[in-house]
Undergrad: 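Attaching a single structure in structure tokens format; questions to follow.
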Amino acid sequence: MKNKNFYITTPIYYVNGDPHLGHVYTTTAADVVARFKRLAGYNVHFLTGTDEHGQKVAQSAEKAGIDPQEFCDQVAQKFRDVLSPFQISNDDFIRTTEDRHKKTCMALWKKLEDAGDIYLDKYAGWYAVRDEAYYGEDELEDGPDADTKIATATGAECKWVEEESYFFRLSDYTDKLLKFYDDNPDFIGPKSSANEIKAFVAQGLTDLSISRTTFDWGVPVPGNDKHVMYVWIDALTNYISALGWENGESNLMDQFWPADVHVVGKEITRFHAIYWPAFLMSANLPLPKKVYANGWWVVEGEKMSKSLGNVITPETLLENYGSDGSRYALMAEMPFGNDGNFVHESAVNRINGDLANGLGNLAQRSLSMIAKNCESVVPHKGEFSSDDKTLLEKAYALPEVTETHVNAMQIHKYLEAVWSVVGDANAYIDAQAPWKLKKENPDRMQTVLYVLAEVIRCVSIMAQPILPTGADKILDQLALDKSSRTFAHLNENHALQSGMTLPVPQGVFPRLELNTEQAA
């Protein structure tokens with residue numbers, strides 16, 4: 001019997017900037033998976049939150065003329081405020097300034113220390129405040145002056161830093177990590193990220209600086225409060241502090257750890273796929289099952305930039321496409337793990353084609369024919385033809401077919417599978433022509449309309465993770481009880497009952513007008 005607990009996390013978002021398209025995209029992807037798993041019968045714990053320590057935050061707070069905690073409170077609230085409008089169903093929101101998190105960080109530090117993996121020394125190297133990361137010479141190019149280098153991967157400015165620092169013996173974990181990757185080939189996704197990480201580790205790891213003394217906005221190092229924990233040993237720990245590990249809170253570790261998937265941006269894959277497993281190995285804790293990196297969006301072919309004025313905000317998405325439309329366009333337009341180009345016209349065409357003309361049209365015209373020709377009750381069914389059976393069997397098979405895609409974080413393939421049945425059902429209407437059958441064979445018309453209603457039930461149940469509002473509205477129009485909307489109900493044993501009264505059908509997905517001025 002498979003484990004029915006499922007733990008999924010987003011990255012904790014850095015509070016140095018406001019939420020934008022990328023944050024909505026990553027959080028929505030995790031939400032789709034969480035909702036899917038709940039409907040599949042799993043007990044899900046879905047975590048998101050904010051990363052609030054570090055030099056960059058301290059500098060931003062100083063620039064704003066307010067206390068760092070007040071600054072974090074303001075920005076963290078902006079990330080919280082995005083969740084509800086996009087129907088994000090997270091079970092917890094972790095902030096790294098919370099006491100429960102600080103206690104966990106200190107407990108983890110002591111575990112690593114007890115394992116002999118932490119020592120005090122001096123650090124000298126190129127440091128990027130923007131990335132909160134140190135870079136080696138092979139990762140840098142010349143900057144505008146002799147005191148500055150540029151990180152080739154991110155474009156961040158790096159300055160030479162020398163200071164006393166605690167180090168984690170990451171070099172001792174090179175072979176252990178490589179063996180773990182070999183034993184768990186699906187640990188890092190997509191494959192391109194896995195190959196990059198393995199190649200990096202194979203070169204040999206150097207010990208990792210894990211504390212700072214040049215600022216104090218962070219979690220104090222136990223026993224030496226001259227030091228604060230460097231961002232990654234602080235930030236990564238959120239995944240277990242939220243479960244109550246060693247912090248006196250309700251302990252969910254036994255139930256949900258190890259995490260089933262950490263959804264991350266590809267720029268932080270290294271930290272999740274190298275540092276985090278090494279810390280956990282040192283603390284003798286189980287490692288997460290998967291780290292999956294999503295790609296980066298550009299907008300109309302240009303990288304998002306404040307100077308270009310093309311940053312897409314959550315408010316812009318909602319204004320242009322609505323909540324369900326935004327969720328669908330983001331998930332359908334870019335295979336998760338790839339980079340993508342967000343084009344307003346493509347998003348509008350996708351929403352109109354798949355939602356308005358696809359699922360919406362299927363539901364509207366089928367249920368309207370039932371209302372008109374079957375006295376607003378579920379039609380009576382006769383013997384099913386081979387065409388009827390083929391369509392129904394494809395609809396009933398969707399949970400099994402799509403779970404494989406969702407487990408692999410291939411959300412676009414899950415959507416393609418569901419909308420393939422929507423397309424087949426729309427073609428079925430045209431082929432069966434129930435408007436003709438009304439005169440030529442009324443009994444057959446009833447059966448055809450029954451099949452359509454049953455397929456609409458199935459695809460709408462399957463669409464709930466991506467379209468929480470619209471799918472529920474369609475299921476309401478089938479008078480389906482709220483408790484009968486899980487994947488366990490997608491079979492003939494739970495099929496619609498003939499004769500059940502249905503409400504008046506209404507359109508669910510209005511067509512959008514293409515207005516190019518809305519793109520930004």
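The structure presented is a predicted model; accordingly, all values stated were derived computationally and were not measured. Keep in mind that the numbers below use all heavy atoms, side chains included, and drop hydrogens, waters and symmetry copies.
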Undergrad: Short question: side chain of Asn238, backbone of Ala235 - any donor-acceptor pair under 3.5 Å?
TA: yes

Undergrad: Taking Tyr135 for its side chain and Thr152 for its backbone only, find out whether a donor-acceptor pair lies under 3.5 Å.
TA: no

Undergrad: I'd like to know whether Tyr173 forms a ring pair (Phe, Tyr, Trp, His ring centres under 6.0 Å) with Phe168, so could you lay out the CA-CA distance, the side-chain angles of the two residues, the decisive distance to 0.1 Å, and finally the verdict.
TA: CA-CA 10 Å; Tyr173 288 86; Phe168 175 76; 5.5 Å; yes

Undergrad: Please check this pair: side chain of Ser165 against backbone of Ser211, looking for a donor-acceptor N/O pair closer than 3.5 Å.
TA: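 Yes, the answer is positive, given that a donor and an acceptor are paired below the 3.5 Å cut-off.
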
Undergrad: Does any part of the side chain of Arg327, heavy atoms only, come nearer than 4.5 Å to the side chain of Leu467, both counted from C-beta?
TA: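 Answer no - side chains too far apart.
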
Undergrad: Is a side-chain N or O of Trp257 found less than 3.5 angstrom from the main chain of Pro286, in a donor-acceptor match?
TA: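 Confirmed, Trp257 side chain pairs with Pro286 backbone.
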
Undergrad: Before you tell me yes or no, could you show the steps for Tyr275 and Trp232 under ring pair (Phe, Tyr, Trp, His ring centres under 6.0 Å), namely the whole-Å CA-CA distance, both residues' side-chain angles and the distance that decides it to 0.1 Å?
TA: CA-CA 8 Å; Tyr275 301 174; Trp232 289 109; 7.3 Å; no

Undergrad: Take Lys226 and Glu164 through the salt bridge (charged side-chain N to carboxylate O under 4.0 Å, His left out) test and state the conclusion after the steps.
TA: CA-CA 10 Å; Lys226 183 176 80 172; Glu164 182 181 81; 3.1 Å; yes

Undergrad: So, Ser60 and Asn16: side-chain donor and acceptor under 3.5 Å apart, yes or no?
TA: yes

Undergrad: Short question: side chain of Gln55, backbone of Val129 - any donor-acceptor pair under 3.5 Å?
TA: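 Side chain of Gln55 to backbone of Val129, a donor-acceptor pair under 3.5 Å: no, none is there.
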
Undergrad: Take atom CG of Asp216 as the centre, draw a 6.0 Å sphere, and report whether it contains more than 12 heavy atoms from other residues, nucleotides or ligands.
TA: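 Check fails, neighbour count at 12 or below.
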
Undergrad: Kindly state each residue pair satisfying salt bridge (Lys or Arg N to Asp or Glu O under 4.0 Å) with at least one member in residues 77-92, sequence neighbours excluded.
TA: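 Applying salt bridge (Lys or Arg N to Asp or Glu O under 4.0 Å) to every pair that reaches into residues 77-92, excluding sequence neighbours, yields Asp18-Lys78, Arg38-Asp91, Asp92-Arg100.
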
Undergrad: Any luck finding a side-chain donor-acceptor pair between Asn90 and Thr48 under 3.5 Å?
TA: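 No, Thr48 and Asn90 have no side-chain donor paired with an acceptor closer than 3.5 Å.
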
Undergrad: If we only count heavy atoms from C-beta on, is the Tyr166 to Ile233 side-chain gap below 4.5 Å?
TA: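 Heavy-atom side-chain distance check fails, nothing below 4.5 Å.
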
Undergrad: What heavy-atom pair brings Phe336 and Ala29 nearest, and what distance separates the two atoms?
TA: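 Scanning both residues, the minimum pair turns out to be CE1-CB, 3.3 Å.
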
Undergrad: Under 30°, 30 to 60°, or over 60°: which ring-plane class applies to Trp160 and Trp126, parallel, tilted or perpendicular?
TA: perpendicular

Undergrad: Cut-off 3.5 Å, side chains only: do Gln77 and Asp73 have a donor facing an acceptor?
TA: no

Undergrad: Does the pair Asp99/Lys103 count as a salt bridge with the N-to-O cut at 4.0 Å?
TA: no

Undergrad: Could you tell me if Thr469 and Gln87 have a donor-acceptor pair between their side chains, going purely by distance under 3.5 Å?
TA: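 Looking only at side-chain atoms, Thr469 and Gln87 do form a donor-acceptor pair, the distance falling under 3.5 Å.
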
Undergrad: Do we see a donor-acceptor contact under 3.5 Å between the side chains of His101 and Thr104?
TA: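 Thr104 and His101 do not have a side-chain donor-acceptor pair below 3.5 Å.
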
Undergrad: Between Thr148 and Lys159, is any side-chain donor less than 3.5 angstrom from a side-chain acceptor?
TA: yes

Undergrad: Would you say that Arg350 contacts Ser346 through its side chain, given a criterion of any heavy-atom pair below 4.5 Å between the two side chains?
TA: no

Undergrad: If you count every heavy atom of other residues, nucleotides or ligands that lies below 6.0 Å from Gln74 atom CD, does the total exceed 12?
TA: yes

Undergrad: Please find the pair of heavy atoms, one from Val201 and one from Thr174, that lie closest to each other, and give the distance.
TA: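 Closest heavy-atom pair between Val201 and Thr174: O-CG2, 3.4 Å.
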
Undergrad: Give the ring-plane orientation class for Phe79 versus His23, where under 30° counts as parallel, over 60° as perpendicular and anything between as tilted.
TA: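 Plane angle over 60°, so perpendicular.
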
Undergrad: Pairing donors with acceptors under 3.5 angstrom, does anything connect the side chains of Asp354 and Tyr328?
TA: yes

Undergrad: Answer with yes or no after comparing the ring centroid distance for Phe487 and Phe36 against a 6.0 Å cut-off, counting only values under it.
TA: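 Yes, they do, as the ring centres are separated by less than 6.0 Å.
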
Undergrad: Say whether, by atom type as modelled, one donor and one acceptor occur between the side chain of Thr402 and the main chain of Leu398 under 3.5 angstrom.
TA: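 Such a contact is found between Thr402 side chain and Leu398 backbone.
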
Undergrad: So does Asp186 get a backbone contact from the side chain of Lys290, meaning a donor-acceptor N/O pair under 3.5 Å?
TA: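 Yes, because the side chain of Lys290 sits within donor-acceptor range (under 3.5 Å) of the backbone of Asp186.
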
Undergrad: Report, as yes or no, whether the 6.0 Å neighbourhood of atom NZ on Lys473 holds more than 12 heavy atoms from other residues, nucleotides or ligands.
TA: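 Atom NZ in Lys473 is not crowded, with 12 or fewer foreign heavy atoms closer than 6.0 Å.
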
Undergrad: Answer yes or no: is there a donor N or O on one side and an acceptor on the other, between the side chain of Asn294 and the main chain of Thr26, under 3.5 Å?
TA: no

Undergrad: List the steps and the verdict of ring pair (Phe, Tyr, Trp, His ring centres under 6.0 Å) for Tyr292 and His272.
TA: CA-CA 9 Å; Tyr292 206 99; His272 285 78; over 10 Å; no

Undergrad: Looking at every heavy atom in both Lys191 and Pro185, which two are closest together, and how far apart are they?
TA: NZ-O, 3.8 Å

Undergrad: For salt bridge (charged side-chain N to carboxylate O under 4.0 Å, His left out), just list the numbers for Asp31 and Arg35, CA-CA rounded to whole Å, side-chain angles, deciding distance to a tenth of an Å, and then say yes or no.
TA: CA-CA 6 Å; Asp31 182 69; Arg35 287 176 178 272; 2.9 Å; yes

Undergrad: Can you list the steps and then say if Glu162 with Lys122 is a salt bridge (charged side-chain N to carboxylate O under 4.0 Å, His left out)?
TA: CA-CA 7 Å; Glu162 295 186 21; Lys122 290 188 179 294; over 6 Å; no

Undergrad: Do Asn5 and His45 pair up side chain to side chain, a donor and an acceptor below 3.5 Å, judged on atom types alone?
TA: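 No.
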
Undergrad: When you measure from the side chain of His405 to the backbone of Leu415, do you find a donor-acceptor pair of N or O atoms at a distance under 3.5 Å?
TA: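 No, His405 side chain to Leu415 backbone: no donor-acceptor pair under 3.5 Å.
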
Undergrad: Go through the steps to decide whether Lys37 and Asp260 satisfy the test salt bridge (charged side-chain N to carboxylate O under 4.0 Å, His left out), and finish with yes or no.
TA: CA-CA 11 Å; Lys37 287 295 185 178; Asp260 291 270; over 6 Å; no

Undergrad: For Asn284, does the CG atom sit with more than 12 other heavy atoms under 6.0 Å from it, leaving out its own atoms?
TA: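 Count not over threshold, so no.
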
Undergrad: Under 3.5 Å, is there a donor-acceptor pair between the Thr213 and His227 side chains?
TA: no

Undergrad: Would you say that Trp217 contacts Val228 through its side chain, given a criterion of any heavy-atom pair below 4.5 Å between the two side chains?
TA: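 Of all side-chain heavy-atom pairs linking Val228 with Trp217, none is under 4.5 Å.
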
